[in-house]
Protein chains: 2
Amino acid sequence: MPATIRDVARLAGCSIKTVSRVVNGEPYVTEETRARVQAAIRAVGYAPNISARRLVQNKSFQICILMYPGLLQPASGILSLIMDIGYEENYDILFQPYFPTHARSKRKLVSLIYEHRIDGFVTTPPCDAEDFVSELLDTFKVPLVQINPFNRPEKTPFVASDDIEGARGMMEHLLGLGHRRIAFLMGPRNMRASFDRLEGYKQALEAHSIPFDPALVRDSEFTFDGGYTAARLLLEGSPRPTAIFAGNDEAALGAIYAARELGLDVPGGLSVCGCDDIAAAGRTWPGLTTIHMPAEELIETAVRLLIQILKGSLPSSNQVFLQSRLVLRGSTAPPAEAST
Amino acid sequence: MPATIRDVARLAGCSIKTVSRVVNGEPYVTEETRARVQAAIRAVGYAPNISARRLVQNKSFQICILMYPGLLQPASGILSLIMDIGYEENYDILFQPYFPTHARSKRKLVSLIYEHRIDGFVTTPPCDAEDFVSELLDTFKVPLVQINPFNRPEKTPFVASDDIEGARGMMEHLLGLGHRRIAFLMGPRNMRASFDRLEGYKQALEAHSIPFDPALVRDSEFTFDGGYTAARLLLEGSPRPTAIFAGNDEAALGAIYAARELGLDVPGGLSVCGCDDIAAAGRTWPGLTTIHMPAEELIETAVRLLIQILKGSLPSSNQVFLQSRLVLRGSTAPPAEAST
DNA sequence: CTGTTAGCGCCTTCAT
DNA sequence: ATGAAGGCGCTAACAG
């Protein structure tokens with residue numbers, strides 16, 4: 001049975017309140033008593049009981065990250081980064097699988113609020129696709145920070161990256177290499193990134209006075225299989241695109257697989273590029289050219305922002321934008337028939 | 001302010017204890033009162049306050065999974081599976097990054113036990129490499145279930161896969177294709193899998209009366225970079241191996257990358273195979289031949305076993321073995337110079 | 001079958 | 001600068 005605050009008080013010869021003050025770094029304790037209490041704490045091996053603290057403060061000191069199992073792939077690095085922040089800040093961090101529109105997910109969320117009294121939430125796409133989550137949390141006055149949310153209402157805290165800009169940059173790269181028939185693999189409709197990346201694609205075409213061809217835009221659902229299927233269809237059709245810009249890396253890997261299967265060399269016969277810069281992007285020959293999304297920073301910023309809000313220090317800026325950047329690897333090259 | 005048990009009692013016209021009984025599904029309540037209480041619960045929107053329950057029962061209803069950030073890559077599927085089990089069983093599941101030998105990790109672990117009173121732990125390799133964790137938990141009488149532990153003392157609960165058998169099976173596959181110079185990429189020394197897989201490699205060689213050549217065994221640390229480097233050295237040396245059996249898939253992907261970089265076709269000029277069957281294995285052309293490790297089942301079994309133990313029902317078997325199986329994909333083929 | 005009482009360990013309030 | 005009392009919401013133990 002671990003020591004309680006009373007054991008410490010007895011040993012230090014003071015009241016439990018004084019121990020409490022020392023433990024929580026509150027003022028109004030003589031240096032001398034403080035030292036004596038601290039010695040007693042060490043002597044009995046005291047650590048505060050979190051459950052008791054939670055009960056009396058009516059806080060859980062837990063925050064919850066809602067994630068869609070199919071898309072969020074917490075690289076182990078991200079996961080351990082998040083857990084470390086939690087440890088530093090004395091918050092438990094729980095992950096909750098969440099499928100938008102699923103009744104079961106909604107029930108879980110409600111019970112999380114009711115029973116656990118989770119102090120705050122972070123959403124990742126596409127968990128914010130419906131307004132259910134934000135409205136529910138709003139009703140219960142539970143703070144929420146969104147990562148790359150679908151909508152960006154004023155005053156809602158969120159952390160986002162600029163997908164339009166990123167996609168446009170990638171298109172400039174492909175266009176600069178000489179590509180003109182560039183296919184685009186679209187993502188699911190419940191994620192803002194799908195639309196924003198498409199928008200960047202269109203803007204770049206327009207800037208270069210290349211007509212937008214809807215036949216070159218296919219759905220990929222941001223999955224390997226989706227990218228594979230879309231690429232097969234594109235590559236078996238005619239005229240073939242000389243490059244495929246996949247809305248995310250998973251789809252890009254599927255496209256590369258499809259190309260290889262058809263005997264097409266990448267990048268010799270087809271350029272492929274993606275978006276996100278997942279770990280696998282650098283580990284597949286010849287290396288996937290992609291847009292590095294600052295996943296670590298996004299989630300770290302979101303978690304820290306939430307904790308700041310929970311601690312009551314309203315930050316100057318609730319809405320943070322982070323930069324992406326192009327990562328050129330081996331999967332893009334000038335088109336075979338290009339005239340240099 | 002959410003409703004408390006007292007609000008329900010008032011509305012249902014009974015004592016709080018009766019409400020408690022209904023909430024916890026205890027016997028000795030008339031069907032009629034039970035119904036009345038349940039109606040009251042719904043009416044006021046009552047849900048028990050978990051912090052209070054935790055305090056009074058002196059349990060945290062939290063379990064913690066210790067993981068080594070570099071190696072455990074919780075595919076999103078696994079992560080959400082785990083969280084779902086936790087939800088079903090009413091346990092919060094926390095992940096804790098843990099580096100064996102690091103003082104900071106040890107401190108975190110101690111504070112987790114002291115403050116959070118975590119009810120039980122699961123370790124993943126190589127977190128169990130030293131005896132620190134198991135001894136600490138033993139001292140505090142905190143239950144522990146290990147996944148693929150380094151040692152397998154009697155009566156220690158663990159869940160494991162048979163790596164020797166798996167590796168031998170893979171070797172039979174390569175030998176059956178006609179390979180004789182097969183290199184092996186070893187993993188870190190603090191993981192049992194490293195040794196067991198090497199053992200399987202050796203056993204297969206011996207069964208085929210092929211002398212063991214230490215020069216064909218290289219360290220890869222079970223990482224992409226490690227596999228890449230080891231493969232470069234192997235392939236630039238002479239005579240070249242005709243196949244590389246990597247101790248895990250990450251290293252195998254590194255080896256494939258190295259081969260491609262040297263202009264060697266896989267599997268035409270070199271066969272490569274791995275172990276684990278991570279998601280990327282099926283997504284890299286031409287598909288990585290590997291041993292499917294039942295990662296989901298391992299962790300699910302471990303978590304369920306731990307929860308069983310925590311609930312006091314001592315399961316018949318504390319030590320569970322799960323089968324692996326060969327997954328043949330495109331990265332292995334007969335050697336070029338083989339005589340069929 | 002149902003209710004009463006007594007804490008769990010801590011923090012808050014208000015005295016001193 | 002310190003302490004005493006009260007209560008957070010719940011369950012365990014014991015009465016009725």
Side-chain angles (χ1 to χ4, degrees), chain A residues 1-38 40-41 44-62 90 111 113-119 311-312, chain B residues 1-38 40-41 44-62 90 111 113-119 311-312:
Chain A
M1 207 52 182
T4 77
I5 200 170
R6 244 173 284 272
D7 300 324
V8 178
R10 202 173 307 128
L11 184 61
C14 66
S15 75
I16 61 170
K17 178 62 223 187
T18 300
V19 177
S20 172
R21 275 195 260 265
V22 172
V23 168
N24 297 300
E26 289 169 34
Y28 304 125
V29 184
T30 349
E31 265 321 308
E32 190 213 320
T33 2
R34 191 180 296 275
R36 212 176 47 218
V37 169
Q38 269 156 352
I41 287 175
V44 300
Y46 168 77
N49 180 316
I50 298 224
S51 296
R53 186 178 276 172
R54 283 173 172 166
L55 174 61
V56 72
Q57 307 217 98
N58 198 27
K59 289 186 202 154
S60 67
F61 298 102
Q62 302 195 181
N90 273 305
S111 82
I113 298 173
Y114 265 66
E115 297 179 22
H116 275 67
R117 319 288 159 85
I118 299 282
D119 290 342
K311 289 190 172 168
Chain B
M1 205 53 181
T4 77
I5 200 170
R6 245 173 281 273
D7 300 323
V8 178
R10 203 173 307 127
L11 184 59
C14 65
S15 76
I16 59 171
K17 178 63 221 186
T18 301
V19 177
S20 173
R21 273 194 261 267
V22 172
V23 168
N24 295 301
E26 287 169 35
Y28 304 126
V29 184
T30 349
E31 266 320 308
E32 190 212 319
T33 3
R34 192 180 294 275
R36 213 175 48 225
V37 169
Q38 270 157 351
I41 287 175
V44 300
Y46 168 77
N49 181 317
I50 297 223
S51 297
R53 186 179 278 172
R54 285 173 171 166
L55 175 60
V56 72
Q57 309 219 100
N58 197 29
K59 288 185 201 155
S60 67
F61 298 101
Q62 302 196 179
N90 273 305
S111 83
I113 298 173
Y114 265 65
E115 297 179 23
H116 273 66
R117 320 288 159 84
I118 300 283
D119 291 341
K311 288 189 172 167

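Chain letters run A, B, ... following the sequence lines, proteins first and then strands; every chain starts at 1. Below, each value reflects all heavy atoms present in this structure, side chains not excepted, and no hydrogens, waters or symmetry copies.
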### Query
If you pin A/Arg34 and B/Thr4 to their nearest nucleotides in DNA chain D, which one's is more 5'?
A/Arg34

For atom [atom1] of [X] and atom [atom2] of [N], their distance in whole Å:
X        : N      : atom1 : atom2 : value
B/Arg54  : C/dG7  : CZ    : P     : 25 Å
B/Phe61  : D/dC10 : CZ    : C1'   : 11 Å
B/Arg10  : D/dG9  : CZ    : C1'   : 13 Å
B/Leu55  : C/dA6  : CG    : P     : 18 Å
A/His116 : D/dG9  : NE2   : P     : 17 Å
A/Lys59  : D/dG9  : NZ    : P     : 15 Å
A/Asn58  : C/dC11 : CG    : P     : 14 Å
A/Ile5   : D/dA4  : CD1   : P     : 13 Å

Can you tell me if [X] touches the phosphate of [N], counting only side-chain N or O atoms and a distance under 4.0 Å to OP1 or OP2?
X       : N      : result
A/Asn49 : C/dC8  : no
B/Ser20 : D/dT11 : yes
B/Thr30 : C/dT2  : yes
B/Arg53 : D/dC10 : no
B/Ser15 : C/dT4  : no
B/Tyr28 : D/dG16 : no

Which residues share a side chain to side chain contact (heavy atoms under 4.5 Å, CB included) with [X], sequence neighbours left out:
X       : answer
A/Val56 : none
B/Ser60 : B/Gln62, B/Asp119
B/Arg10 : B/Arg6, B/Asp7
A/Ile5  : A/Ile16, A/Val19, A/Ser20, A/Tyr46

### Query
Of all heavy-atom pairs between B/Ala47 and A/Tyr114, which one has the smallest distance, and what is that distance?
CB-CB, 3.6 Å

Where do N or O atoms of nucleotides 12-14 of chain D meet protein N or O atoms at under 3.5 Å, pair by pair?
from: D/dA12; atom 1: OP1; to: B/Gln57; atom 2: OE1; distance (Å): 2.9

Using a 4.0 Å heavy-atom cut-off across all strands, classify [X] as base, sugar-phosphate, or nothing.
X       : result
A/Arg6  : base
A/Pro48 : sugar-phosphate
B/Thr33 : sugar-phosphate

### CZ on B/Arg34 to CD1 on B/Ile41, rounded to 0.5 Å
10.0 Å

### Query
With sequence neighbours left out, which residue pairs that include part of residues 44-62 of chain B fulfil the salt bridge (charged side-chain N to carboxylate O under 4.0 Å, His left out) condition?
B/Arg54-B/Asp92

### Query
By salt bridge (Lys or Arg N to Asp or Glu O under 4.0 Å), which residues pair with A/Arg36, not counting sequence neighbours?
A/Glu32

### Message
Using five pairs at each end of the helix from C/dC1-D/dG16 to C/dT16-D/dA1 to define an axis, what is the angle between those two axes, to 10°?
### Response
40°

### Task
Please determine, for the side chain of B/Val29, which listed nucleotide (D/dC10, C/dG9, C/dT2) has the closest atom?
C/dT2

#### Entry: Side chains of B/Thr4 and B/Asn49 in contact at under 4.5 Å (non-hydrogen atoms)
no

### Query
For A/Ser111, what residues pass the side-chain hydrogen bond (donor to acceptor under 3.5 Å, both in side chains) criterion, not counting sequence neighbours?
none

### Comparing B/Thr18 and A/Val23 on DNA chain C - which has the more 5′ nearest nucleotide
B/Thr18

